[in-house]
Amino acid sequence: MKNRDLKTTLIISVSIPISIIATFILLYFGNITFNIMTLGGMALGIGMLVDNSIVVLENIYRLRENGLDSQSASIEGAKEVSMAVTASTLTTIAVFAPMVFVEGITATIFKELAFTVAFSLVISLLVSLTLIPMLASRSLKKEVEEKNNGFSKVFRSVRDGYESILSWALNHKGWAIFIAVAIFVVTIFPLFILGGEFFPPVDEGTFIVNIDLPSGSSFQETNKVIEKLEKDISKIKEVDTISIEKRRRL
C-alpha cells in the first residue's frame with residue numbers, strides 16, 4: 001500500500017469508533033454496565049479492532065493495483081480474505097469464550113470482560129467485511145507505483161526473507177512441524193516452574209494486631225495493654241491512623 005496514503009488511513013480509522021459505538025449498543029442490550037472489567041475488555045478489544053480491516057483493505061488495494069475497477073476489487077478482495085479474517089477472529093474469541101460458562105467469583109470478575117471482548121471483535125469483523133469494502137469502492141484509485149527509497153528497500157528485504165522462510169517451510173513440512181511442536185513444548189515448560197495463583201499478593205497498606213488476654217482480665221487491665229500497644233505503634237512514622245476494636249471473648 002502506498003505510504004502516506006491519507007484515504008486508506010481514514011478508511012481504517014473509521015472502523016475503530018464504529019466498532020466501539022456498536023459494542024456499546026450490544027452491552028446495553030446485554031444489561032452490562034461500564035466498570036473496570038468492561039473497560040478493560042474494551043481496551044483489549046481496541047488493540048485488535050483494526051486488524052481485520054487492515055487485512056481486507058490491503059487485499060482490496062492489491063487487486064486495485066492489478067487492474068480491477070474499484071467496485072470489483074472491493075467485492076473480490078473482501079471475498080478472498082473473508083474466511084481468513086473470520087477464522088482469525090473466532091480464534092481470538094475462543095480464548096475468552098470459556099469465561100462465559102464459569103461460575104462463582106471467577107464469573108463475577110471475568111464474565112463481563114469476556115463478553116466485551118467478544119462483542120467488540122464480532123463487530124470489527126462485520127465492519128471489515130461490509131463497511132470497509134464499501135468505503136474502498138468509493139475512495140481507492142489506482143496509484144502509480146512509488147519510487148524506490150530507503151523504506152521500500154527495507155520492506156523488500158523483509159518480504160524476501162519471509163518468502164524464503166515460507167518456501168523452506170513448505171518444502172520441508174516435517175521439519176516445520178517439528179520446529180513448531182518444539183517451540184510449543186518450550187513455551188509450555190516454564191508453566192510447571194513458575195507456578196500460579198488466583199490473585200497476586202496485594203499490599204493494602206494496613207496490618208491487624210490481635211491481642212488475647214487471659215480469661216477474667218478486667219477492663220482496666222485491658223485498657224493498659226491497649227494503650228501501651230497504641231503508643232508503641234504510634235512511634236512508627238509510616239503509621240497514619242490507628243483504629244481499636246475491643247471484643248469480650250465468650
Side-chain angles (χ1 to χ4, degrees), residues 1-17 19 43-95 117 120-121 124-125 127-190:
M1 188 175 295
K2 183 180 178 182
N3 294 328
R4 300 175 183 176
D5 191 340
L6 182 59
K7 291 182 180 179
T8 55
T9 303
L10 291 176
I11 292 174
I12 293 297
S13 64
V14 166
S15 65
I16 298 179
S19 298
L44 288 174
I46 288 176
M48 297 177 281
L49 290 183
V50 298
D51 293 351
N52 295 332
S53 299
I54 291 175
V55 171
V56 173
L57 188 58
E58 285 279 0
N59 199 51
I60 294 173
Y61 200 97
R62 178 183 63 82
L63 295 178
R64 188 73 185 94
E65 287 187 327
N66 289 340
L68 290 181
D69 60 273
S70 298
Q71 185 173 356
S72 299
S74 300
I75 295 173
E76 293 300 323
K79 283 184 178 180
E80 286 182 359
V81 298
S82 60
M83 290 300 297
V85 296
T86 301
S88 175
T89 302
L90 293 178
T91 301
T92 307
I93 292 176
V95 177
V117 174
S120 62
L121 292 179
S124 71
L125 176 63
V127 169
S128 66
L129 295 178
T130 55
L131 182 63
I132 296 300
M134 185 274 291
L135 295 176
S137 67
R138 299 284 182 174
S139 304
L140 291 185
K141 296 181 180 179
K142 188 174 181 180
E143 303 288 350
V144 179
E145 186 177 357
E146 58 181 329
K147 298 180 181 180
N148 294 334
N149 52 38
F151 181 82
S152 298
K153 293 179 180 179
V154 173
F155 179 80
R156 283 197 300 273
S157 64
V158 173
R159 181 192 61 189
D160 294 341
Y162 174 75
E163 288 180 352
S164 63
I165 295 174
L166 184 61
S167 176
W168 180 89
L170 293 175
N171 293 327
H172 302 80
K173 297 181 177 65
W175 277 105
I177 294 175
F178 173 77
I179 293 173
V181 173
I183 293 175
F184 174 76
V185 172
V186 171
T187 56
I188 291 297
F189 181 73

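No experiment lies behind these values; they were computed from the predicted model shown. Numbers here are sequence positions counted from 1. Worth knowing before you read on, the calculation uses all heavy atoms, side chains too, and leaves out hydrogens, waters and symmetry mates.
Between the Ser137 side chain and the Gln71 main chain, no donor and acceptor come within less than 3.5 Å of each other. In this structure, the side chain of Ser82 engages the main chain of Lys79 through a donor-acceptor pair within 3.5 Å.
A side-chain donor from one of Ser70 and Arg64 sits under 3.5 Å from a side-chain acceptor of the other. The closest side-chain donor-acceptor pair between Asp51 and Ser88, if any, does not fall under 3.5 angstrom.
For Thr86, the side-chain contact (heavy atoms from CB on, under 4.5 Å) criterion is met by Leu90, Leu125, Leu129, not counting sequence neighbours. Looking at residues two or more places apart in sequence or on another chain, you find a side chain to side chain donor-acceptor pair (under 3.5 Å) between Ser72 and Asp69.
More than 12 heavy atoms of other residues, nucleotides or ligands sit less than 6.0 Å from atom CH2 of Trp168.
Proximity of Pro133 to Ile60: side-chain heavy atoms (C-beta onward) are separated by under 4.5 Å at one or more points.
In terms of heavy atoms, Leu57 sits closest to Ala136 at CD1-CB, 3.9 Å. A pairwise comparison of heavy atoms in Gly77 and Leu63 identifies N-CD1, 3.4 Å as the closest pair.
Note that the CD1 atom of Ile12 and the CG atom of Asn52 stand 10.0 Å from one another [nearest 0.5 Å]. Rounded to the nearest 0.5 angstrom, Ser53 OG and Glu58 CD are separated by 11.5 Å. Atoms CZ and CD, from Arg156 and Glu163 in turn, are 12.0 Å apart once rounded to the nearest 0.5 Å. Separating the CD atom in Glu80 from the CG atom in Asn59 is a distance of 5.0 Å, to the nearest 0.5 Å. From Asn66, atom CG reaches atom OH of Tyr61 across 11.5 Å, with rounding to the nearest 0.5 Å.
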